[in-house]
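This structure is a prediction, so every number in the text was calculated from the model and none was measured. Counting convention: from 1, in listed order, for ligands and their atoms alike.
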Amino acid sequence: MRLLATLARRYGTPLYVYDAAVVRDRYRALRGAFTRPVLVCYALKANSSRAVASVLAREGAGADIVSGGELVRARAAKFTPSRIVFSGVGKTEEEMAAGLRAGVKAFNVESSEELDALARVAGRLKKPAPVSIRLNPDINARTHPHITTGRAENKFGVETGEALALYRRASRDRRLRVMGVQCHIGSQITSLAPYRRAAAAVAALAKGLKASGIPLAFADMGGGLGISYKDEMPLDPKALVGTLEKAFADQPELELLVEPGRYLVADAGLLLTTVLYRKQTSKRRFVIVDGAMTDLPRPALYNAWHPVEVVSPRRGKKTMADVVGPVCESGDFLARQRPLPPLERGDLLAVLKAGAYGFAMSSQYNSRPRAAEVLVDGGKARLARRRETHADLTRGEL
Ligand code: LLP
């Protein structure tokens, strides 16, 4: 906690602080749980800051990217291109070309028209494109509706019948190379059952394809491992890996891939924010802080619950308070109805478990410069991204 006060003084707030050791521990725990060849592809969208991503690249992780921008970031963080998978429902031909030129491991293709586009790009570049089809197994991951992706009413992937047709087409097209199958059913998943069902569907598809002369090299089970924000029981990586390995036990030739984002980085990050004002209405105690929905949009977007801790709590009775930001929206809150001790202007609060989908989803709404980021590693803290300035706000405007 003393370190946090020092960092706040040195770099100002709102400030993201990440702990590299936590990221490494998470990666090793998951990677180490597998007993057969696996590639853990970090879903860069969770936190694409180079300082954090390069911790994972140095561990030997692969990357899961969803845009040309993430390809640039993955390369800047020094992920090996042959360990990068390119996901996303709307890749442009330019993005496909960039991925193909870089030499990514596979494109996770999500529609028939996308497969055509990829073949065209590969033909143009005279370089066969590695393909894996994203299966939509119509499974309910039982998570927040905004982050479930594997139902037939979601825009992601293709249903089994269409997947088979796409594999047949791809296997006959010399511009394409069939490599694998991918499936991602949602995020913040805290039970094994949906994974078990999804893995069974993927394994059955792979087996059927092999029987019809289209053997695959890998099966990618996506990300989604949930963590404990409040009182959820997080998924045990060993249990998840056991479930996956069991589903593919009779196909030992398949390399397994997973694409975790949140699991690797959420617990490694916190958002430090300073109390600006206190305010009491007839109904509520408000603590107005300098961090906002622009810095950490998860509470506003999903009503997500993040733990809030006072860095140097004062003695006194705790009372319920809403922790809100300066943005002009009633939805701009970081926490609601939390028992907090007495606070003074200038006190520091830490919003925990903010390493995933925090800074990565931040915005400049209300013309607020984005926060700075600090990486703590081996007892040393270093500025990983400088705070944006007002000049950054108008950069690019003509
Ligand atoms: N692979 C694919 C294809 C994905 O779409 C995602 C996340 C992942 C992997 C990583 O999922 P994870 O392991 O992090 O659950 N902004 C939301 C989460 C959106 C997740 C989108 N896709 C949040 O803050 O909860």
Side-chain angles (χ1 to χ4, degrees), residues 23 26-27 29-30 39-48 52-53 56 61-67 70 74 84-91 104-111 114 132-137 141-151 154-158 180-191 194-195 198 202 219-230 232 234-235 237 240 244 257-269 271 293 295-306 334 351 353-363:
V23 178
R26 286 295 172 92
Y27 174 78
L30 180 61
L39 182 60
V40 176
C41 292
Y42 169 51
L44 216 64
K45 65 171 81 65
N47 186 327
S48 52
V52 172
L56 289 159
D64 166 51
I65 61 168
V66 290
S67 67
E70 285 194 350
I84 297 175
V85 292
F86 203 146
S87 301
V89 74
K91 306 171 199 74
V104 299
K105 183 180 178 77
F107 293 90
N108 292 328
V109 170
E110 306 216 19
S111 65
E114 185 194 340
S132 80
I133 305 288
R134 177 165 176 178
L135 178 69
N136 182 326
R142 304 204 179 284
T143 177
H144 191 285
H146 289 183
I147 51 178
T148 129
T149 51
R151 310 287 324 260
N154 297 135
K155 67 180 175 182
F156 299 101
V158 297
V181 53
Q182 194 253 12
C183 180
H184 171 80
I185 53 173
S187 195
Q188 183 55 13
I189 300 172
T190 50
S191 66
Y195 275 113
V202 170
D220 177 349
M221 290 308 302
L225 270 94
I227 66 145
S228 177
Y229 283 101
K230 192 180 185 185
E232 308 92 320
L235 267 187
L240 172 68
L244 298 184
L257 268 64
V258 283
E259 304 171 351
R262 186 187 325 263
Y263 166 81
L264 295 173
V265 295
D267 280 303
L271 175 66
M293 64 187 288
D295 303 298
L296 178 63
R298 300 194 71 257
L301 269 179
Y302 316 117
N303 206 17
W305 194 99
H306 284 261
L334 296 175
V351 184
K353 298 172 182 280
Y357 307 109
F359 186 93
M361 291 206 298
S362 62
S363 77

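For ligand 1, the atoms closer than 4.0 angstrom to any heavy atom of E259 are 1 (N), 2 (C), 3 (C), 8 (C), 9 (C), 10 (C), 13 (O). Below 4.0 Å from some heavy atom of M361 lie the following atoms of ligand 1, by number and element: 16 (N), 24 (O). Taking every heavy atom of R262 and a limit of under 4.0 angstrom, the matching atoms of ligand 1 come to 12 (P), 13 (O), 14 (O), 18 (C), 23 (C), 25 (O). Atom numbering of ligand 1 starts at 1 in the shown order; those under 4.0 Å from a heavy atom of G224 are 11 (O), 12 (P), 13 (O), 15 (O). Below 4.0 Å from some heavy atom of A43 lie the following atoms of ligand 1, by number and element: 8 (C), 9 (C), 10 (C).
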Q. Could you walk me through whether W305 and R298 pass the side chain to side chain contact (heavy atoms under 4.5 Å, CB included) check?
A. CA-CA 8 Å; W305 194 99; R298 300 194 71 257; over 6 Å; no
Q) How far apart are the C-alpha atoms of E110 and F156, what are their side-chain angles, what is the distance that settles it, and do they pass the side chain to side chain contact (heavy atoms under 4.5 Å, CB included) test? A) CA-CA 6 Å; E110 306 216 19; F156 299 101; 3.7 Å; yes
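Taking any N or O of D64, backbone or side chain, at least one lies under 3.5 Å from an N or O belonging to ligand 1. Distances between N or O atoms of R134 and those of ligand 1 include no value under 3.5 Å. Looking at Y357 next to ligand 1, an N or O pair under 3.5 Å apart turns up. Polar contact with ligand 1: absent for Q182 (N/O pair, distance under 3.5 Å).
Only the side chain of Y302 comes within 4.0 Å of ligand 1, judged by heavy-atom distances. With a 4.0 Å heavy-atom cut-off, ligand 1 is reached by no atom of A46.
Contact annotation: P260 has at least one heavy atom less than 4.0 Å from an atom of ligand 1.
Distance check: L296 CG to H306 NE2 gives 4.5 Å after rounding to the nearest 0.5 Å. Atoms NZ and NZ, from K353 and K230 in turn, are 13.0 Å apart once rounded to the nearest 0.5 Å. Atoms CG and OG, on N108 and S132 in that order, are 3.5 Å from each other to the nearest 0.5 Å.
Shown are L56, L225, N47; of these, the side-chain contact (heavy atoms from CB on, under 4.5 Å) with L264 is made only by L56.
K91 has a carboxylate O that lies under 4.0 Å from a charged side-chain N of E114, or vice versa, which qualifies the two as a salt bridge.
Taking every heavy atom of both residues into account, Y263 and R26 meet most closely at O-NH1, 2.8 Å.
Between atom 8 (C) of ligand 1 and the options M221, R298, H184, the minimum heavy-atom separation is to H184.
Using modelled atom types, one finds a donor on one side chain and an acceptor on the other under 3.5 Å when comparing S87 with D64.
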